[in-house]
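Step one of this worksheet: look at the structure below.
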Protein chains: 2
Amino acid sequence: MDCLLKEAVLDRMEDFTVTERKAAHALLSNYPILGLGTVAQFADAAGVSSPTILRFVARLGFPGFSDFQTRLRQELETQLRSPLDRSSHLPNQTAGDPLVERIVENVRETFAGLPKGELDSLVRLLADERRVIHLIGGRFTDALARYMAAHLRIVRPNVNHVAGQEGNWLDQLIGMGSKDVVIIFDIRRYQSELIEFARSAAAQGATIVLVTDTWMSPIVKVADHVLPARIAVPSPWDSATALLALSEVLIAGVTQHNPDRSHARMKALEGLRNDRDPISKSRRGTPDI
Amino acid sequence: MDCLLKEAVLDRMEDFTVTERKAAHALLSNYPILGLGTVAQFADAAGVSSPTILRFVARLGFPGFSDFQTRLRQELETQLRSPLDRSSHLPNQTAGDPLVERIVENVRETFAGLPKGELDSLVRLLADERRVIHLIGGRFTDALARYMAAHLRIVRPNVNHVAGQEGNWLDQLIGMGSKDVVIIFDIRRYQSELIEFARSAAAQGATIVLVTDTWMSPIVKVADHVLPARIAVPSPWDSATALLALSEVLIAGVTQHNPDRSHARMKALEGLRNDRDPISKSRRGTPDI
DNA sequence: GCAAGTCTGTACTTTTTATTACAGAATTGC
DNA sequence: GCAATTCTGTAATAAAAAGTACAGACTTGC
């Protein structure tokens with residue numbers, strides 16, 4: 001066994017047909033367990049038919065499925081026998097790219113560095129549907145605000161993405177009060193207009209939630225909740241991945257804070273929209289402005 | 001799975017008959033691989049007959065040998081999935097939220113599961129400024145397209161975010177040809193309009209880059225490059241974090257593929273825009289449509 | 001736009017594998 | 001040391017899974 005079967009699969013990905021590639025990815029996503037069951041289970045997990053699985057292993061050079069399984073078991077055996085150099089084989093193919101390593105580390109550390117209970121209290125705040133939630137971001141981070149708004153809007157009412165020209169923002173400020181929550185994504189280089197917006201909203205009594213980097217946007221001064229995330233990576237750019245992860249945890253939290261309401265709304269919207277999963281007709285939801 | 005099967009075997013060693021104990025020891029000495037083959041192999045390795053193996057697993061409380069195997073596979077899966085808490089005896093920090101753990105793991109595995117060289121060749125493709133790059137995404141993933149476009153636009157010319165109403169998309173399709181690259185973000189539930197868009201673009205000769213989940217959008221059929229990412233998390237929603245990480249790696253790659261050009265453009269744009277770092281006057285860049 | 005070729009799933013056959021019945025061997029208790 | 005009981009393997013059976021042939025769907029090339 002010179003090298004892991006996993007790598008052979010990756011290398012030869014080109015050679016596979018479309019469905020075989022599905023099989024390959026299914027296997028890689030649950031390697032090597034998926035290959036240790038029956039052909040039918042494998043096929044099912046990959047969403048293809050049994051013969052495709054057989055063709056897949058045949059293309060990998062195995063005379064039969066059993067030979068393939070034997071090989072997987074052998075690999076597993078040698079790996080489990082030497083738990084030490086497993087680290088060099090299994091999880092860390094990623095070791096190559098320091099950028100990836102750093103992104104992963106950033107996400108982990110972001111959550112590790114979060115004040116305890118901060119997430120919980122925020123979820124409670126955002127799950128309160130009497131509140132009106134406004135989301136806004138900077139040049140790059142506005143995409144995050146948009147992403148979060150798209151989800152929150154589904155599980156609860158009164159979600160507003162503050163978008164468009166700077167001038168329009170002012171309109172949104174009118175009538176803001178203590179019932180309003182403003183979620184601001186702002187990482188360096190902090191934009192003065194965002195600061196202005198935050199100040200004005202705070203002045204009118206709105207609750208300010210700031211998602212920022214560890215250097216902290218000046219908005220902290222007027223913020224009620226602050227989530228600092230790691231953004232530094234070995235690249236000319238900053239990484240927003242940890243910010244997105246934070247958003248997703250919040251979204252999941254709000255969704256499950258009131259599962260019934262969320263589910264009901266999701267169902268209702270699914271009815272309105274004729275989305276399709278694999279097949280059917282549909283119309284795209286209006287992109288939010 | 002309250003406790004490892006291994007321990008159950010040790011506990012109940014007393015209850016076994018002589019040959020069953022042989023089976024038990026054979027299993028423990030090559031746990032769990034020995035249990036993953038056939039009954040005959042197991043029997044052979046233990047130096048007993050097949051029925052003894054069957055009686056052994058029956059005594060452990062399994063209705064059949066397959067149930068026993070399923071259990072072993074499940075154990076193995078949970079162990080391999082969380083390479084982190086394998087070192088659970090060491091001081092464990094982040095152990096808190098399984099959602100966070102999974103997100104982190106997804107990012108790592110996404111890169112581990114990428115065909116070798118795929119990222120490199122993609123970076124080369126995207127760094128070619130004679131190409132025109134179009135980005136588009138689905139209901140949630142459009143935010144990612146937007147994020148990536150915002151960055152790419154800075155380091156190279158000819159970047160276009162396909163946004164707005166579905167009808168407008170058609171306009172963008174006009175005149176697309178072999179010089180065009182279309183980056184599509186599409187995770188389940190795949191949207192039929194995106195598929196249409198991809199098909200049309202491909203039909204006109206455009207190069208299709210698909211960023212999707214491991215189940216693979218139907219767009220793979222017309223795609224020239226496919227980046228599958230892990231999106232499954234213990235939440236009603238899917239996680240786009242790994243997709244964002246992919247985007248950031250691509251962005252960084254393109255930026256550094258031609259550092260001089262990138263730097264020059266960044267400087268030039270900084271001149272045009274009066275952004276401020278901590279202090280100065282500014283005007284917000286026009287949000288892209 | 002059509003034909004040749006490739007891919008993919010359904011339905012079937014063959015083989016393997018799990019399971020069971022039973023009889024002989026071993027063990028235990030007296 | 002003998003009988004009752006338990007244990008164990010052989011051999012037959014039933015279940016399943018692997019493997020195959022083929023036809024329809026889809027691509028690809030001209």
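Residue numbers start from 1 in every chain, and the chains themselves are labelled A, B, ... in the order their sequence lines are given, proteins ahead of strands.
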- prompt: Is the shortest side-chain N/O distance from B/Thr52 to OP1 or OP2 of D/dG9 below 4.0 Å?
  reply: yes

query: What is the distance, rounded to the nearest whole Å, between atom NZ of A/Lys22 and atom C1' of C/dC7?
result: 13 Å

field: Closest to side chain of A/Pro51, choosing from C/dT10, D/dG9, C/dA18
entry: C/dT10

message: Closer than 4.0 angstrom, basic N to acidic O: yes or no for B/Arg230 and B/Glu109?
response: yes

message: Quick one, A/Ile154 with B/Trp237, criterion side-chain contact (heavy atoms from CB on, under 4.5 Å). Give me CA distance, side-chain angles, the key distance, then yes/no.
response: CA-CA 11 Å; A/Ile154 291 176; B/Trp237 304 101; 3.7 Å; yes

Rounded interatomic separation in angstrom, taking CZ from A/Phe16 and C1' from C/dT6: 17 Å

task: Take atom CG of B/Asp67 and atom C1' of C/dT19, then tell me their distance rounded to the nearest Å.
output: 13 Å

query: Are any of the side-chain nitrogens in A/Glu20 or A/Arg59 under 4.0 Å away from the carboxylate oxygens of its partner?
result: yes

query: What is the distance, rounded to the nearest whole Å, between atom CG of B/Asp224 and atom P of D/dT27?
result: 14 Å

task: Looking only at side-chain atoms of B/Leu54, point me to the closest of D/dT8, C/dT19, D/dA18.
output: C/dT19

- request: Mind calculating the distance between CZ (B/Arg59) and P (D/dC7) to the nearest angstrom?
  value: 7 Å

message: What's the closest nucleotide to the side chain of B/Val48 if the choices are D/dG9, C/dA11, C/dA18?
response: D/dG9

message: Of the options D/dG9, C/dA18, C/dT8, whose atoms approach the side-chain atoms of B/Thr38 most closely?
response: C/dA18

message: Distance check needed: C/dT19 C1' versus B/Phe42 CZ, whole Å only.
response: 16 Å

- prompt: Would A/Tyr31 and A/Glu75 count as having a side-chain donor-acceptor pair, cut-off 3.5 Å?
  reply: yes

query: Rounded to whole angstrom units, what separation is found between the CZ atom of B/Phe56 and the P atom of C/dT19?
result: 14 Å

message: Judged by each residue's nearest nucleotide on DNA chain D, which is more toward the 5′ side, B/Ser66 or B/Thr17?
response: B/Thr17

query: Is there a side-chain contact between B/Ile136 and B/Phe185, using heavy atoms and a 4.5 Å cut-off?
result: no

task: Measure the distance from CG on A/Asp15 to P on C/dT6 and round it to the nearest whole Å.
output: 16 Å

query: With a 3.5 Å cut-off and just heavy-atom distances, do the side chain of A/Arg55 and the base of C/dG9 make a donor-acceptor pair?
result: yes

message: By nearest atom, which of the nucleotides C/dA21, D/dT20, C/dG9 is closest to the A/Ser49 side chain?
response: C/dG9

